[in-house]
Structure formats: structure tokens, C-alpha cells
Chemist: 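For reference, the structure I am asking about is given below.
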Amino acid sequence: MTLIQGFRLQENNSNLPIIDMFQRFRDDYGDLIRMRGMLGQPDFVVSFKPEDYEKVFRTEGVWPVRRSLDTFSYYRQKIRPEIYGESGGLANEQGEKWQKMRTITNPVMMNPKTVALYVEAMDEIAREFMPIVTALRDAKNELPENFDEWLNRWALESMGLLALDTRFGVLKADQSEQAKTVIALVKDIFELTFRLDFEPSIWKYYKTATFKRLMRVFDDLTNLIMAKIDDAVVRIEKHPKSEGNLSVLEKLLKVNKNAAVVMSFDMIMAGIDTTSSGTVGVLYCLAKNPDKQAKLRDELRTILPSKDSPLTTENMRNLPYLRACIKEGLRLYAPTFGNFRATGQNLVLQGYRIPKGTDISMVSTVLQRQNAYFHEAKQYIPERWLTERPDHIPSAKDANPFIFLPFGFGARSCVGKRLAMMEMEIIVSRFVRNYEIRWNYPDMKVKANLINLPVSPLKFELKEVAYGAICTRQYQSATVASAKDVIDSEWESAKPFKSIPTPTLMHMYRGFKEGGRYAGLPVIEFHQRLREDFGDLVRIPGLMGKPDVVLSYKPADYEKVFRTEGIWPVRRTLDTFTYYRTKVRPEIFGETGGLANEQGEKWQKTRTITNPVLMQPKTVGLYVDQVDEIAREFMTIIGGLRDAKNELPADFDQWLNRWALETIGVLALDTRFGVLHADPLGHAKTIITLVRDSLDLTYRLDIEPSIWKYYKTPTFKRLMKTLDDLTNLIMTKIDEAILKIDQNPPSDGNQSVLQKLLKVNKTVAVVMSMDMISAGVDTTSSSTIGVLYSLAKNPEKQSRLRDELRAVLPTKDSPFTTDNMRNLPYLRACIKEGMRLYQPTIGNMRCVGRDIVLQGYRIPKGSDLAMLTSVLQRDDQFFHRASQFLPERWLNERPEGLPSAKDTNPFIFLPFGFGARSCIGRRLAMMEMEIIISRFVRSYELRWNYDDLKFKTNIINTPANPLQFQLQDITN
């Protein structure tokens with residue numbers, strides 16, 4: 001009754017702006033208010049205390065709950081489950097389904113590089129909008145009363161490009177019917193949803209006419225978006241882009257088409273009124289504060305000498321006052337009245353019990369205008385957000401950090417905040433650079449719908465500013481999804497799987513016995529002989545419970561296997577690792593067995609957590625100093641290892657493994673193991689032994705014939721104990737790292753791999769650390785050996801590389817930085833060429849994703865296929881003078897007559913694999929090799945005085961010869 005009386009005409013709360021209304025509530029009832037739910041809605045609690053906000057956010061758990069709009073949920077669950085059954089979207093889902101969607105979208109939407117891809121296109125739309133704005137003005141240079149509709153058109157045109165790679169054409173005076181439809185649908189959804197979900201409605205008990213109309217509107221917009229996505233799929237297939245230039249839609253389509261559909265819908269729904277509302281507030285503040293506007297214009301003129309100068313990712317980097325103006329505008333005119341959460345556990349707020357699951361409305365907009373929290377809070381003072389500001393203005397950052405959260409907080413913060421900020425930065429810049437903006441009317445009022453929208457006509461006066469300089473995809477996942485049920489057209493006429501040429505057991509026995517055709521051969525030469533004997537497709541029968549394996553020596557097969565592997569590629573695991581993780585230590589590995597061991601949805605979940613951390617170029621940049629420090633220490637140690645002939649000891653491969661382990665300790669565990677000491681510490685010796693034993697024992701059990709699956713042999717038991725010891729040691733190191741992080745928390749921009757993973761999921765952090773150590777030692781040292789050997793055998797290539805390095809390392813001890821490492825093309829060419837000749841593995845492995853035909857033979861779905869790329873990499877058919885070390889073949893500028901390596905079949909040289917299941921640590925591995933090889937070549941002249949280097953195959957190809965490199969000191 002109090003509420004009804006309060007909202008009656010001429011009563012206290014009648015026609016009040018939303019902020020003033022909440023302030024009256026606070027005056028009447030205090031800092032904590034319970035609002036009773038009506039017609040099936042739950043009660044909710046309104047809080048005006050930032051300490052409450054922090055407590056709610058800090059206790060919300062790993063899956064924060066934010067109540068969804070019931071009409072949205074109903075439509076997606078009941079009306080269109082065929083589209084939204086897998087996910088109702090970030091705004092509507094809770095729990096594990098929400099997390100799955102978030103882990104898919106975060107790496108796409110939250111990546112700064114994604115934003116950079118759109119700057120040019122967004123600026124083009126903003127520049128197109130400016131002449132339209134000019135023409136809308138009347139004789140007094142004022143905009144029309146419905147200018148808010150035009151801002152919505154701009155936001156929709158921008159969002160069409162961000163969400164659907166589509167220009168809707170809504171900025172044209174003569175709009176297409178489709179453009180009119182989109183605008184009408186979005187407008188209707190907001191209006192009808194507010195009437196059904198916020199105003200009293202009986203739709204949950206009786207499906208009203210308004211409810212039915214909203215369902216039709218949802219349907220029409222969903223169908224329109226589906227059509228746009230189908231158009232995009234066709235376009236992507238016709239014109240595939242490089243990986244680095246994929247749009248938001250293209251990236252999401254590669255992962256999950258449903259996620260792409262839902263995210264596109266939600267971006268259009270959530271990204272129009274919010275962005276235009278935020279922009280209106282900033283423009284109004286600037287119009288009311290001409291001195292701030294002039295200061296901003298001066299900043300913009302430094303990067304936009306003329307009105308039409310383009311905005312770029314580079315020139316937008318240093319615009320602190322622009323960002324301060326936007327933050328201050330959002331503080332005073334936030335698009336929403338605050339944040340909303342369901343409490344994650346039973347809490348006490350201001351002395352009252354708040355049960356778990358209670359909805360809390362955190363009305364931060366009221367506090368943002370209070371002097372208790374912000375100096376002269378009702379004044380527009382962008383300087384409060386600057387590092388350098390007048391002495392009398394306190395920093396906004398000194399206020400309670402839980403008051404100003406325009407994009408929310410934590411795991412459930414706005415996933416599109418980077419894109420939204422980019423849109424606002426561009427459109428505000430264009431307005432201020434083109435016009436002097438004025439406001440000639442009473443203070444602007446806003447009303448609360450789902451979004452705070454202006455009530456006042458937006459009749460800004462715009463006077464033109466004078467010109468002049470400043471005076472003072474490749475689309476994959478949808479294709480694969482649709483290809484699941486496709487039957488290879490050759491299947492019916494193809495020969496049976498069992499008829500693939502197959503060596504008998506007797507043939508293999510004779511071949512490997514002393515004096516036989518395969519006896520004592522390096523692995524590549526063995527496969528060359530096998531290819532000569534049986535052709536380009538060979539079936540190797542499985543022994544002792546293992547499946548048959550098909551060997552292919554044709555790159556066309558590799559492409560077919562990769563292109564049809566599906567959204568969750570299967571690569572057969574090492575059975576002993578899987579046994580240990582699932583049977584022996586499920587308490588650690590139950591949630592995930594790691595990227596190398598998991599398949600299907602569990603693999604994808606781990607990959608979506610780890611991809612944004614390990615595949616981010618900025619992550620690599622964080623480690624350059626530390627990895628270079630280890631490499632420089634290693635150079636000093638190497639100098640002391642040489643004998644009287646300046647040759648390294650026969651066991652130098654073990655020293656390289658020590659370097660690799662010391663480096664991976666920093667990358668995986670933020671820890672220096674200390675294994676480079678001549679007499680390493682006890683735990684350091686243990687780690688070296690455990691890693692070496694785990695690889696050796698795994699090879700004996702998983703690759704060589706073994707009966708361990710039927711009888712637990714001593715070798716098997718020893719491996720289980722080795723894995724246990726290694727797991728326990730790593731767990732200890734992680735616990736130490738967590739303690740160190742708690743004591744000295746780094747800033748967000750300087751968090752290590754371990755710190756970032758721990759923030760998301762401790763189990764994944766543990767497993768990923770284990771896998772980085774297991775997979776990152778022998779592989780990196782093996783590749784490094786191959787490159788060093790190639791350089792030692794080719795002194796003229798080594799000399800050319802040293803010349804390139806001297807340009808960035810004037811002395812041997814000059815430090816590497818992310819900047820000076822950028823332009824080292826010959827170094828990277830040497831590494832690629834060394835890996836082509838001496839790859840650490842024999843090739844790539846996959847289970848085929850569906851029934852296919854290779855070389856006229858049926859290959860059933862699930863068959864293991866080994867792609868022996870290392871054999872083809874030394875074949876003159878694919879590489880010019882293939883047995884020679886010619887780094888120049890990888891350069892853009894190369895000698896005449898030397899074909900580019902990039903002209904060969906792209907599925908032959910894949911040292912880090914291909915597609916979704918490629919090596920997640922490849923950026924870190926390349927950085928390690930670039931640094932250690934640079935240090936060797938800059939410090940020493942390498943020579944090789946012995947027979948050709950031979951490799952033996954364990955799980956990794958490792959050297960069979962003693963690594964007695966001769967190292968002559970290079971003078972500075």
C-alpha cells in the first residue's frame with residue numbers, strides 16, 4: 001500500500017528519475033530494504049552499502065547466479081529448445097551450462113586483439129554517421145527530438161557488424177524493409193519484456209496477448225539472426241580468412257555454432273540501448289561542460305589532425321582524457337541502476353540474515369553521486385580518473401572499488417565490455433572532433449526501462465569545428481558438424497580396411513633382426529624403407545590389445561583426416577598415463593586428465609580454459625626476461641664444461657635437458673628448480689630422474705609390446721610410483737606458488753601462466769603444470785639439438801645468423817626483450833629448417849572423425865592414423881634439395897631459384913600439429929628455442945667434428961651420438 005500511495009500522482013515518488021526514487025527509498029527505509037515479490041516473483045533485497053556488494057561478490061562461488069528475465073528463459077527453453085537447448089546464453093544460464101558458454105566466449109570477446117580487428121570498420125560507420133548527423137540539424141543547428149532513435153540506429157549498425165559481420169543499412173534515410181524490421185523487433189522486445197518481467201503481469205498463469213506477441217517477436221528476431229548466420233557461413237566458406245583475422249562470429253562458429261547463434265542474438269539485444277545510453281550520458285556531460293569538451297578536443301587533434309583522419313589501434317592507445325571522460329559520464333549516467341546477484345551462500349548483511357539464493361540489487365548509481373564516496377560527486381570532473389590531476393582533486397580510484405562497476409564484477413562481468421568501450425571511444429571522439437556540442441534546455445532526465453533511457457528530447461546543438469591541425473575464416477566447426485553424417489562418395493567402391501598392405505609379424509621380425517632390411521636404421525630411414533616395401537598406405541596390426549594403426553605417407557590424406565575430424569578431435573592417449581590419472585589418482589585428475597589424455601567435451605572444457613592463457617602472445621612476453629636469464633646462466637656453465645679441444649662432454653644432451661627443465665619450471669610453476677648447478681639440490685636431482693624415468697618406462701609399456709593390461713608387471717608398478725612421485729612433487733610446488741601469490745599478488749597484466757590458471761581452476765592448473773613438465777623438456781631440447789647441429793654443419797648459415805643477432809645483441813650479454821626479438825626473420829627461418837630436418841616426433845596422430853576413403857581404401861571412423869610427415873619433409877618431391885639445410889627457403893626474400901617452403905603442401909610441415917588439437921605450448925616453446933639458440937650462436941662458433949648425428953626414437957626423437965659440439969668463443 002505504501003508503494004501504491006508513493007507512486008500515485010503528486011505523491012513522493014511519482015515521476016521521479018530512477019536515482020532520485022531510490023534515494024527516497026533509502027531515506028525512508030535505510031541502507032537495506034526488502035522488496036516483496038508479486039505474482040510469482042521472489043522477494044529481493046536492495047542494498048546501498050558497498051561493503052555489502054563486496055561481501056556478495058566475494059562469496060558468490062565459481063558459478064555466480066544472476067537472475068535471468070523469465071520471458072527470455074521461457075522462450076528459449078520452451079519455444080525454441082532446438083536452438084537454445086545447449087545454451088540459453090550468458091544472461092539466462094546458470095551453473096555449469098553458463099560456465100561452458102563463458103569459457104567458449106571469453107577467449108573471443110575478451111581478447112584485446114579481437115577489439116583491434118574492428119577499429120577500422122567501427123570508425124568507418126562512425127564517420128558515415130557524422131554527415132547524417134549534420135543533415136539532421138534544424139535552422140538552430142539543433143538535432144531533432146527523436147535523435148535517440150538515430151543513436152540506436154548507429155548502435156545497431158555497429159552491433160550488426162560486431163555480432164553478425166553484417167551491415168544492416170539502418171543509417172540510410174531510406175531504409176530497407178529488413179533494416180526497419182530489425183529496429184522494430186529490438187524496440188518491441190525491450191518494451192514488451194519490461195511490461196511482462198518488471199511490471200505486474202499474470203503471464204505465468206495465463207498466456208496474455210502481450211506475452212504471445214513477445215514470443216512472436218522473439219521468433220522473428222531469432223529467425224532473422226539464423227538467416228544472417230547462414231549467410232555468414234556461406235561467405236566464410238567462399239572467402240576463408242587467416243587465423244589472425246577471424247571475426248567474433250567466425251571464431252565462435254569454429255568452436256560451436258549454437259554458441260555463435262546465441263551470442264549474436266544476445267549481443268544485438270544487449271549492445272544497442274546500453275551503448276547508446278552510455279554514449280548519450282557522456283555527450284550530455286561534455287555539452288554541459290565546454291571546458292572539458294575543449295580539453296578532450298585538443299587531445300583528439302593530436303591523433304586526428306583533420307576531422308576525417310582515421311582512428312587506428314595504434315593512435316587510440318594514448319587517449320587518457322577520452323577514457324576519463326567516458327568513465328566520468330558513466331559514473332553520472334550509468335545505463336543501468338546497478339548490479340544484481342543471487343547470494344552464493346548464507347550471509348549476514350547489516351545485521352540481517354540473507355539466505356543463500358536471495359536476489360540482491362546493488363544500487364551503486366545512487367552511491368556514485370554521493371559526496372561520501374566521490375569529491376564533488378554531482379560535478380563532471382574527468383580529471384579524477386587521471387594519474388596526473390590537480391592537487392585538490394582526489395583520485396576516483398581511492399573510492400571503494402565496489403561502487404563504480406559499470407560492466408559488473410568478476411566471472412559474470414560483461415563479456416562485451418572491451419567492444420562496448422571501443423564503440424563509445426570512437427563515436428564520442430567523432431562527435432567531439434567534428435562538432436562543438438551544446439545543451440540549451442533544462443537538465444536531461446532519464447527513465448528506467450530495462451536500460452536507463454533519456455526522457456528529454458536529445459536536442460543537442462552542434463556547431464561544426466573548423467578543420468586544421470592543432471595550433472597550440474576459415475570456417476570449420478559448422479562445416480564439420482554438418483559433415484558428421486556425410487558418407488564419402490567413394491565408400492561403396494573402396495577396398496576393405498583389412499586389405500590395406502600390411503607387413504606380417506614374420507616380415508617385421510626378419511626386417512629388424514641383425515642384418516635385416518630395417519635393422520639399426522634411424523626412424524626416418526626405417527619409414528622410408530617401409531614405404532618402399534608397402535606403398536603410401538600401410539596397416540600395422542595391433543598387438544596385445546592395441547588397435548591397428550594406419551601409416552600414411554600422402555599429404556592429401558592428412559588434409560582429409562584433419563578436415564573431417566569434427567569439433568572434438570581425438571588423438572589416442574598413452575594408456576599408462578590414462579590408467580594412472582583415472583584409476584590411481586582420480587581425486588586430482590577426475591575433473592580433467594589433461595589435454596593429452598582427455599577426449600570430447602572434457603577435453604574441450606580444459607582447452608577453452610587454457611587457450612586464452614597459453615596461446616596469448618602477451619603471455620610469452622612476460623617470460624622473455626626470465627628465460628633469457630636462464631639461458632645466459634647456461635652459457636657460463638657451458639664454457640666450463642668444455643675439454644682441452646673446446647668440445648662439450650658426451651653427456652651434453654643431459655645438460656640440455658637440465659636447461660629445458662629449469663626453463664619449464666619457471667613457465668609451469670613460477671619456480672627455479674636449480675638443476676643447472678654442477679651438484680644440483682636433492683629435489684632437482686629427483687625431478688630430472690622422475691621425468692627421464694616416466695618417458696622411458698612409458699615407451700616400454702605403451703609403444704613396445706607389453707602385457708601390463710593383463711598383468712601388472714614390475715615395470716608398470718615402477719611407472720605408477722614414478723608418476724605418483726612426480727605428481728606429489730608438483731602439487732607441493734603449486735602449494736608453494738599459491739602461498740607466494742597470496743603474499744605478493746601481481747597486477748592483472750603481469751600474472752604468470754600458473755597464476756592465471758589458478759584464478760580459473762586449480763585442478764586445471766595442477767594438470768597443466770604436470771603436462772608442461774612432462775611434454776616440455778625432451779621436445780624442446782630435441783628440437784634445439786637439431787637446429788644447433790644444422791648450424792654447426794653449415795658455418796655460413798651460422799655466420800649469417802650471428803650477423804642478424806649482433807644487430808639486437810651488440811654484446812654477448814646484451815639482454816633480450818620482447819621488442820628486440822620481434823625482427824629476427826633469419827633466426828626463425830633457421831629454427832623452422834632445423835625442425836624440418838630433425839623433428840622431435842615422427843609426425844602427427846589422429847583418430848579419423850568419420851568413415852573416409854584414403855587411397856582407395858575404407859578407413860572406418862575411429863581408426864588410428866599416423867601421418868609420417870618427417871619422411872616427406874626430407875623428400876625432394878616436396879622440398880627443393882630436401883636433405884640440405886637452407887633456412888632461406890622460409891624467407892620472403894630468398895635467392896633466385898630457391899622455391900619458397902610455403903609453396904609446398906601446407907599439411908607436410910606441422911611441427912606443432914594442426915587445428916584445435918595443435919600444441920598449446922607452441923608459442924612458449926618457440927620463445928625458448930629462439931632465446932637459447934641465439935645465446936649459443938652469439939656466444940660461440942659451433943662446429944661438429946664427428947660422423948653425422950643420428951637419432952633414436954623413444955616417445956621423442958633423441959640423439960644417439962654423443963653431443964660433442966666444439967665451441968669457440970666469439971669476441972664481442
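Because the structure is predicted, anything quoted here is derived from the model rather than measured. We use all heavy atoms of the structure for the numbers below, so side chains are in, but hydrogens, waters and symmetry mates are not.
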Chemist: Side-chain contact test, heavy atoms from C-beta onward, threshold under 4.5 Å: evaluate it for Leu791 versus Phe885 and give yes or no.
Modeler: yes
Chemist: Say you draw a straight line from OG1 of Thr686 to CG of Leu729; how long is it, rounded to the nearest 0.5 Å?
Modeler: 7.0 Å
Chemist: Got a donor-acceptor contact below 3.5 angstrom from the Lys740 side chain to the Asp670 backbone?
Modeler: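 Indeed, once roles are kept as given, a pair shorter than 3.5 Å links the two residues.
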Chemist: Using 30° and 60° as the class limits, which term best fits the ring planes of Tyr946 and Trp944: parallel, tilted or perpendicular?
Modeler: perpendicular
Chemist: Give the ring-plane orientation class for Phe652 versus Phe634, where under 30° counts as parallel, over 60° as perpendicular and anything between as tilted.
Modeler: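 Geometry flag for Phe634 against Phe652: parallel rings.
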Chemist: For residues Leu910 and Phe562, determine if any side-chain heavy atom of one lies less than 4.5 Å from a side-chain heavy atom of the other.
Modeler: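 Leu910 vs Phe562: side chains touch.
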Chemist: Under 6.0 Å from the ring centre and within 45 degrees of the ring axis: does the NZ or CZ of Arg943 meet both conditions for the six-membered ring of Phe965?
Modeler: no
Chemist: The test is ring-ring contact (aromatic ring centres under 6.0 Å, His included); show your working for Trp890 and Tyr826 and say whether it passes.
Modeler: CA-CA 8 Å; Trp890 299 96; Tyr826 199 69; over 10 Å; no
Chemist: Would you verify whether the NZ or CZ of Arg922 falls within 45 degrees of the ring axis of Phe912 while also being under 6.0 Å from that six-membered ring's centre?
Modeler: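 Geometry flag: not set, cation outside 6.0 Å or 45°.
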Chemist: Cation-pi check, Arg836 to Phe879: give yes when NZ or CZ is under 6.0 Å from the six-membered ring centre and within 45° of the ring axis, no otherwise.
Modeler: yes
Chemist: Between Tyr838 and Arg874, is there a cation-pi geometry (under 6.0 Å to ring centre, at most 45° from the normal)?
Modeler: yes
Chemist: State, to 0.1 Å, how close Val627 and Glu928 come at their nearest heavy-atom pair, and which atoms those are.
Modeler: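 The pair with the smallest heavy-atom distance is CG1-CA, 4.3 Å.
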Chemist: When you check the gap from the basic side-chain N to the acidic O, do Glu587 and Arg585 get nearer than 4.0 Å?
Modeler: yes
Chemist: Indicate yes or no: at least one non-hydrogen side-chain atom of Asp778 is less than 4.5 angstrom from one of Ser782.
Modeler: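 Of all side-chain heavy-atom pairs linking Ser782 with Asp778, none is under 4.5 Å.
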Chemist: Asp969: what forms a side chain to side chain donor-acceptor pair (under 3.5 Å) with it, not counting sequence neighbours?
Modeler: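 Side chain to side chain donor-acceptor pair (under 3.5 Å) list for Asp969, sorted by chain: Arg642.
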Chemist: Do NZ/NE/NH1/NH2 and the carboxylate oxygens of Glu598 and Arg571 come within less than 4.0 Å?
Modeler: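 Not counted as a salt bridge, because no side-chain N and carboxylate O are separated by less than 4.0 Å.
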